[in-house]
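Report on the structure given below.
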Amino acid sequence: MKMQPVKGTRDFYPPQMAVRNFIVDGWKASSIRNGFVEYDGPIFEYLQMYQVKSGDEIVEQLFNFTDRGNRHLAIRPEITPTLARMINKQINALPMPIKWFSVPRLCRAERPQKGRLREFFQWNIDIIGIEDVLADAEVICCSLDYLRNTGLTSKDVVAKISSRRLLAALLKNIGIAEEKLESLYPILDKKTKIPVEAFVEMLEKEIDSPETIQAILKLMDIHSVNDIPDIVKLDEKAQESLDELKRVFAYLEKMGAEDWCRFDMSIVRGLAYYTGMVFEIHDKSGDLRAICGGGRYDNLLSDFGGPKVTATGMGMGDAVLEILLREKGLLTDDSLDIQKLDYFVACVDGDLFDEAVEITTKIRQKGYAANFSYKTNALKKQMKIADSMNAAKCIIVGGELKESGQLVIKDMATGEQILVDATTFLE
RNA sequence: GUGGAUGUAGCUCAGUUGGUUAGAGCACUAGAUUGUGGAUCUAGGGGUCGGGGGUUCGAUUCCCCUCAUCCACCCCA
């Protein structure tokens, strides 16, 4: 019976695994540079955990199942709920602030397409317990820090930043009721993704007043924080939110990221739980979906039964990132080593085969990466294998060992070879 | 859930106005006077032409169904 891989999944053969490691290692290095520590949780949780903050629609996008104890479970589609659960559980013991990162493997039952799979990896960083927007700026900077380290520049990507709090205050100012906001966010989120007519049409379903719709259109067209007071009257709350957003940008400037960042009213994020700063990083050509997204979610921990603790964070998936890095030539198939050896042991004399195995074992016991050929075929052949395995050095076990107890050690990069005493070398 | 495109070797693809044993490059294996890698050359293995049905003397080619993949919608934590 021919078995097929499941839709939307990937097989990581060694070359693809090298790519995955390249990405994940970069994420981890950036996290550590920026002072985050790693955590992880289970790959499945109670289904209910994902229903708390999202509706039943989300459940259709989940891989869920029932275990033998009739527990309704789901494979994690994101790790933030797990994070909230874990932090709530130990909230009194954990030193604040918490700066944690994770690279969870996630699954969502969506239809696969470019940059979107059903199983993927997502880098998450979160800062919990810092109310100041300094934490928001730091999250953005850490994301950019990683991207900069891959070789991307501010010409390639841009962090688009806005504020849910500001948006809410402004919408209220133009006469939108508090309870309307939640249903409006997903529509506003589409502003730049669909034609204006379609956007207006969607708004008309929610809002009766044509003047209000016009006001929204004007609002969504704002491109600079400084233009806001000219377009909308600011009440105290809006002014506060605006000042806060300006402080985010001030911090970003101090962190040297101003070239990479800009205010963008159209960044809303579909998700309901964001309460403050929201951001997405996009490729500048705009052909790809968002590279990463995140923001402040001050109510999530309390929504999960904990105390009210402030939090901000972001997630970056591996699929879009890989496409972008390849497009920019920053990741090519032959730029990554699949294997690296300190030594390859080549045996050219059938009588010495057991010796060669012993020698390899001793080298391994000394802590080096070593491999040998399973056959004593032509040296030429074995050199080729050594080369394909990326061996730094090749040890030749042959006549010299028989005659004078010596080994030939060839440096594969320079081609130079030396004779060493086998016993001393292996001590 | 909707629409479009594509399925030929491990990979990227050619091919056939319907006609004998279906090809190339890369990869793999083995060689090129048997102790020296990255190159070149030679040879070899590997395909029920995605699957099923139909038309036909004959189908990889034409028709229908099906499955899969990719792309765009929907959605996107």
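Convention: sequence-line order gives letters A, B, ...; per-chain numbering from 1.
The base of U36(B) does not come close enough to the side chain of Lys380(A) for any donor and acceptor atom to sit less than 3.5 Å apart. Below the 3.5 angstrom threshold, one finds a donor paired with an acceptor across the side chain of Gln417(A) and the base of U36(B). One can find a donor-acceptor pair under 3.5 Å joining the base of G35(B) and the side-chain atoms of Glu400(A).
When the C1' atom of U36(B) is taken as reference, atom CG of Asp411(A) falls 14 Å away, rounded to whole Å. In this structure, CG of Asp189(A) is placed 14 Å from C1' of C74(B), rounded to the nearest angstrom. Here U34(B) presents its C1' atom at 16 Å from CD1 of Ile396(A), a figure rounded to the nearest Å. If you take OH of Tyr343(A) and P of U36(B), they are 22 Å apart, rounded to a whole angstrom. Note: CG (Asp318(A)) to P (C76(B)) measures 21 Å, nearest angstrom. If you take CD of Glu60(A) and C1' of A77(B), they are 15 Å apart, rounded to a whole angstrom. The CD-P distance, from Glu78(A) to A77(B), rounds to 9 Å in whole Å. Note: CG (Leu352(A)) to P (G35(B)) measures 13 Å, nearest angstrom.
A14(B) and A32(B) are spaced 38 Å apart, taking the P atom of each and rounding to whole Å. C49(B) sits 11 Å from G15(B) when the C1' atoms are compared, rounded to a whole Å. Nucleotides C76(B) and G1(B), compared at atom C1', are 15 Å apart to the nearest Å. G10(B) and G47(B) are spaced 11 Å apart, taking the C1' atom of each and rounding to whole Å. With both ends at atom C1', the span from U48(B) to G52(B) equals 13 Å, rounded to whole Å. G4(B) and U40(B) are spaced 46 Å apart, taking the C1' atom of each and rounding to whole Å. Comparing C63(B) with C74(B), their P atoms are spaced 33 Å from each other, to the whole Å. Of the C1' atoms belonging to A68(B) and G51(B), the separation is 10 Å, rounded to the nearest Å.
Within the nucleic acid shown, Lys393(A) has no heavy atom closer than 4.0 Å to any nucleic acid atom. Here Lys402(A) lies out of heavy-atom contact (under 4.0 Å) with every strand. At the heavy-atom level, Gly315(A) lies nowhere under 4.0 Å from the strands shown. As judged by a 4.0 angstrom heavy-atom cut-off over every strand, Gly399(A) is placed among the base-contacting residues. Using a 4.0 Å heavy-atom distance criterion, Lys381(A) is classed as a sugar-phosphate-only contact.
The only member of Thr275(A), Asp136(A), Asp126(A) that meets side chain to side chain donor-acceptor pair (under 3.5 Å) when paired with Thr312(A) is Asp136(A).
Heavy-atom nearest nucleotides on RNA chain B were determined for Arg269(A) and for Leu379(A), and the one closer to the 5' end corresponds to Leu379(A).
Under the 3.5 Å distance criterion, with hydrogens and angles disregarded, a donor-acceptor pair is assigned to the side chains of Gln113(A) and Arg289(A). A side-chain donor from one of Thr82(A) and Glu45(A) sits under 3.5 Å from a side-chain acceptor of the other. For the residue pair Asp145(A)/Ser30(A), the side-chain donor-acceptor check at 3.5 Å is satisfied.
With a cut-off of 3.5 Å on both Watson-Crick or G-U wobble distances, the partner of A5(B) is given as U69(B). When both pairing distances are held under 3.5 Å, C76(B) makes no Watson-Crick or G-U pair with any nucleotide shown. A43(B): Watson-Crick or G-U partner is U29(B), with both key distances under 3.5 Å. The pairing partner recorded for G23(B) is C13(B), the criterion being a Watson-Crick or G-U wobble arrangement whose two distances lie under 3.5 angstrom. Nucleotide U55(B) forms a pair with no other nucleotide shown, judged by Watson-Crick or G-U wobble geometry with both contacts under 3.5 Å. Pair assignment for U60(B): none, as no Watson-Crick or G-U wobble contacts are both less than 3.5 Å.
A cation-pi arrangement is present between Arg20(A) and Phe12(A), with the terminal nitrogen or guanidinium carbon under 6.0 Å from the aromatic centre and inside a 45° cone about the axis. For Lys366(A) and Phe425(A), the positive end sits near the middle of the six-membered ring, less than 6.0 Å away and at most 45° from its axis. Figure legend: Arg164(A) and Tyr185(A) shown as a cation-pi pair, the cationic atom lying under 6.0 angstrom from the six-membered ring centre and within 45 degrees of its axis.
Between Phe44(A) and Phe65(A), the ring-plane angle classifies as perpendicular under the 30° and 60° cut-offs.
Annotation: ring pair (Phe, Tyr, Trp, His ring centres under 6.0 Å) contacts involving residues 372-408 of chain A, sequence neighbours excluded, comprise Phe372(A)-Tyr374(A).
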Hey, mind stepping through Val345(A) and Asn371(A) against side-chain contact (heavy atoms from CB on, under 4.5 Å) and telling me if it holds?
-> CA-CA 6 Å; Val345(A) 179; Asn371(A) 222 350; over 6 Å; no

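Within residues 111-119 of chain A, the residues approaching RNA chain B are Arg111(A), Gln113(A), Lys114(A), Arg116(A), by heavy-atom distance under 4.0 Å.
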